[in-house]
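Reading through the structure tokens given below for one structure.
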Amino acid sequence: MQEIFEKLEGVRQRLEEILRTLNEPSAASDPQKFRQLMKEQAELTPIAETYGEYTDVQKAIAENSGMLKDEKDPEMRELLKEELREEKTREEDLMRRLRILLIPKDPNDQKNVIVELRAGAGGDEAALFACELYRMYVRYAEAHHFSTELLNVNENGLGGFKEATFMIKGEGAYSKLKYESGVHRVQRVPETESGGRIHTSTATVAIMPEAEEIDFHLDLSECRFDVFRASGNGGQCVNTTDSAVRLTHIPTGIVVSCQDEKSQLKNKEKALKVLRSRLYQRELDRRHEEEAEKRRNQIGSGDRSEKIRTYNFPQGRVTDHRIRMTTHRINEIMNGDLDELIDALTAADQAAKLTDL
């Protein structure tokens, strides 16, 4: 507990220091520093205000406890006891809130996300499932007033996706979707199955925060660009000119293809955006690996090789294996209603971090 109070005092003192700096006449002379200070102030203010409420409640508890010792009137004693019970309940609630507020913030939480879907085991059925996952995330984004942009898609000719890359834009998109990385497994009877047997197929999901140049500097001299003719139902000349771009990052061997746009330049810009985010995610994974012990205590590594969820259509259930949660709302979930799962995953992550704290 002493450690928590030391952190809270540190927050209070740092906020006072920031406010003094912002009140100086020269504060706005350095716009970048000014923005950083304003951002830090916005992050620290809720903690400091809640800590102020907590100390006020503690003072009230101390005062009422002292009055209770000296009070002889039975009615007044009962009244003081009732007030003490309410104040102690409020004290516990405020401490819970403070613990959550002290959890280190993920610096990527407010970013847009790039989502990569790949059909796994199961052939055409896996590709169909990958396409359904794409629709699920697009509907989730629409429900939360996020926008989506398809960056690249490779179809299987039967309405399925061998792979697809798209962006979800909106403040806090990464904080909502970062737990979706991993292997998603589907169990159902395919339409092409005449014997009525249940098949198991998989699709992998990778969630990456959109990386700006400030997050990760991409050296273009380490990249090789190739152009080729787009395939698929592009229409409007998209598949009659060499507009598609294949981008190879030579040091890592990472390859990104983009053919969604008619313009070679636009495809190149999209490919660079995906590559930068992949390399940024690679760097984040390296840092997480260095904190392996801490990471093991959390709800999941987010690695695309980790099986995280099963969608069982015959039984109408969805199970998230990381938190052992099962819900029988498969139709709603496939239509983008992921809030129940995402809220439970967020709560589990917070609980793990609170234990560490």
Side-chain angles (χ1 to χ4, degrees), residues 113-143 146-168 177 179-208 230-235 238-239 244 255-260 270 274 302-322 326-342:
V113 295
I114 289 177
V115 184
E116 287 186 341
L117 298 172
R118 284 188 173 83
D124 288 334
E125 174 66 9
L128 289 169
F129 179 53
C131 184
E132 289 175 64
L133 288 177
Y134 168 74
R135 287 197 295 267
M136 178 182 78
Y137 289 125
V138 168
R139 287 167 182 167
Y140 174 81
E142 289 170 351
F146 298 151
S147 63
T148 59
E149 179 186 1
L150 186 62
L151 301 178
N152 190 53
V153 63
N154 181 6
E155 298 174 292
N156 72 342
L158 297 173
F161 290 170
K162 293 179 182 177
E163 59 182 3
T165 305
F166 61 102
M167 180 178 286
I168 297 178
L177 290 162
Y179 305 116
E180 293 298 300
S181 287
V183 175
H184 294 240
R185 182 174 68 173
V186 61
Q187 295 173 327
R188 63 184 174 189
V189 179
E191 291 181 10
T192 55
E193 172 55 56
S194 57
R197 291 173 298 176
I198 295 174
H199 286 229
T200 298
S201 306
T202 62
T204 60
V205 177
I207 302 289
M208 301 172 291
S231 60
N233 301 318
V238 71
N239 54 354
V255 178
V256 176
S257 296
C258 193
Q259 61 179 26
D260 195 56
K270 286 185 175 183
V274 173
D303 192 284
R304 68 179 67 188
S305 65
E306 179 185 8
K307 184 183 74 178
I308 64 166
R309 193 175 296 151
T310 295
Y311 305 74
N312 186 302
F313 278 80
Q315 297 178 18
R317 64 174 168 82
V318 176
T319 299
D320 195 289
H321 305 290
R322 295 162 295 178
T326 296
T327 177
H328 290 83
R329 300 174 57 254
I330 194 166
N331 292 330
E332 291 89 342
I333 286 168
M334 296 309 296
N335 278 314
D337 188 0
L338 294 167
D339 287 328
E340 181 184 10
L341 286 168
I342 288 173

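For the single chain, residues carry numbers from 1 onward in sequence order.
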>> Using a 3.5 Å distance criterion without hydrogens, assess whether the side chain of Asn154 forms a donor-acceptor pair with backbone atoms of Lys162.
In response: no
> Are side-chain heavy atoms of Glu332 and Glu340 found at a separation under 4.5 Å?
Replying inline: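 No, too far: nothing below the 4.5 Å cut-off.
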[atom2] on [Y] to [atom1] on [X], rounded to 0.5 Å:
X: Thr204; Y: Arg118; atom1: OG1; atom2: CZ; answer: 6.0 Å
X: Leu338; Y: Arg309; atom1: CG; atom2: CZ; answer: 6.5 Å
X: Ile207; Y: Leu117; atom1: CD1; atom2: CG; answer: 7.5 Å
X: Met136; Y: Asp337; atom1: CE; atom2: CG; answer: 11.0 Å
X: Ile330; Y: Gln315; atom1: CD1; atom2: CD; answer: 10.0 Å
X: Ile333; Y: Asp339; atom1: CD1; atom2: CG; answer: 10.5 Å

> Do Glu180 and Tyr137 have a side chain donor and acceptor closer than 3.5 Å?
Replying inline: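 Their side chains do contain a donor-acceptor pair, which is all the 3.5 Å distance test asks for.
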>> Before you tell me yes or no, could you show the steps for Val115 and Val205 under side chain to side chain contact (heavy atoms under 4.5 Å, CB included), namely the whole-Å CA-CA distance, both residues' side-chain angles and the distance that decides it to 0.1 Å?
In response: CA-CA 7 Å; Val115 184; Val205 177; 4.1 Å; yes
> Going through the distances and angles, do Val274 and Glu116 end up as a side chain to side chain contact (heavy atoms under 4.5 Å, CB included)?
Replying inline: CA-CA 9 Å; Val274 173; Glu116 287 186 341; 3.7 Å; yes
> Relative to the ring of Tyr311, is the ring of His184 parallel (under 30°), tilted (30 to 60°) or perpendicular (over 60°)?
Replying inline: parallel
Nearest heavy-atom pair of [X] and [Y]: which atoms, and what distance?
X: Tyr179; Y: Arg322; answer: O-NH1, 2.5 Å
X: Ser201; Y: Gly122; answer: OG-CA, 3.8 Å
X: Met167; Y: Ile114; answer: CE-CG1, 3.7 Å
X: Ala244; Y: Gln259; answer: CB-CB, 3.5 Å
X: Asn156; Y: Asp124; answer: ND2-OD1, 3.3 Å
X: Leu133; Y: Ala203; answer: CD1-CB, 3.9 Å

>> I'd like to know whether Phe313 forms a side chain to side chain contact (heavy atoms under 4.5 Å, CB included) with Gln187, so could you lay out the CA-CA distance, the side-chain angles of the two residues, the decisive distance to 0.1 Å, and finally the verdict.
In response: CA-CA 6 Å; Phe313 278 80; Gln187 295 173 327; over 6 Å; no
> Between Tyr140 and Ile168, does a side chain to side chain contact (heavy atoms under 4.5 Å, CB included) hold up when you go through it step by step?
Replying inline: CA-CA 10 Å; Tyr140 174 81; Ile168 297 178; 5.8 Å; no
